[in-house]
**Q** 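Encoded as structure tokens, here's the structure I'll be asking about.
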Amino acid sequence: MNFAPKFPIGVTFINQLNQRSFAAHTRKLNLEIIDEFEFNSNSFYTLAFLTTK
């Protein structure tokens with residue numbers, strides 16, 4: 001399924017303690033950190049990517 005026409009940008013979040021997931025998303029998939037936030041005493045990265053790539 002191609003989401004690009006309807007959703008040109010994808011967004012996800014990763015717990016900052018989860019370094020394995022962070023490395024996979026930023027190094028291998030080239031997602032970019034666009035924000036950081038805290039929820040339930042946990043720190044998260046917000047990452048975004050273009051769906052057209």
Side-chain angles (χ1 to χ4, degrees):
M1 179 177 258
N2 186 359
F3 293 101
K6 192 170 184 179
F7 304 104
I9 299 172
V11 178
T12 190
F13 58 91
I14 298 171
N15 190 311
Q16 290 185 7
L17 295 176
N18 190 346
Q19 288 301 305
R20 176 178 261 178
S21 180
F22 177 77
H25 284 84
T26 56
R27 293 184 196 149
K28 294 182 180 181
L29 298 175
N30 295 318
L31 274 66
E32 293 187 37
I33 299 171
I34 59 168
D35 196 16
E36 298 180 27
F37 67 96
E38 290 192 20
F39 179 75
N40 250 4
S41 300
N42 290 291
S43 297
F44 293 87
Y45 294 115
T46 305
L47 300 107
F49 59 97
L50 297 176
T51 61
T52 56
K53 286 189 174 183

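The model shown is predicted, which means the values in this text are computed figures rather than measured ones. FYI, side chains are in, hydrogens and waters are out, and symmetry mates aren't considered; it's all heavy atoms of this structure.
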**Q** Within this structure, what is the CZ-CG distance for the pair Phe49 and Asn30, rounded to the nearest 0.5 Å?
**A** 12.0 Å

**Q** Indicate yes or no: at least one non-hydrogen side-chain atom of His25 is less than 4.5 angstrom from one of Ile14.
**A** yes

**Q** In this structure, would Val11 and Leu50 fall into the same cluster of hydrophobic residues linked by side-chain contacts under 4.5 Å?
**A** yes

**Q** Only distances under 3.5 Å count here; give the side-chain donor-acceptor pairs of residues 34-45 to other protein atoms, sequence neighbours excluded, each with its distance to 0.1 Å.
**A**
{"from": "Glu36", "atom 1": "OE1", "to": "Gln16", "atom 2": "NE2", "distance (Å)": "3.2"}
{"from": "Asn42", "atom 1": "ND2", "to": "Asn40", "atom 2": "O", "distance (Å)": "3.1"}

**Q** Answer yes or no: does atom CG of Leu29 have more than 12 heavy-atom neighbours from other residues, nucleotides or ligands under 6.0 Å?
**A** yes

**Q** Mark yes or no for whether Thr51, through its side chain, and Phe7, through its backbone, hold a donor-acceptor pair below 3.5 Å.
**A** yes

**Q** Between CD1 of Ile33 and CZ of Phe13, what distance do you get to the nearest 0.5 Å?
**A** 15.0 Å

**Q** Report the hydrophobic cluster partners of Leu17, with the cluster defined as I, L, V, M, F, W, Y residues connected by side-chain heavy atoms closer than 4.5 angstrom, directly or transitively.
**A** none

**Q** What residues form a side chain to side chain donor-acceptor pair (under 3.5 Å) with Thr12, not counting sequence neighbours?
**A** none

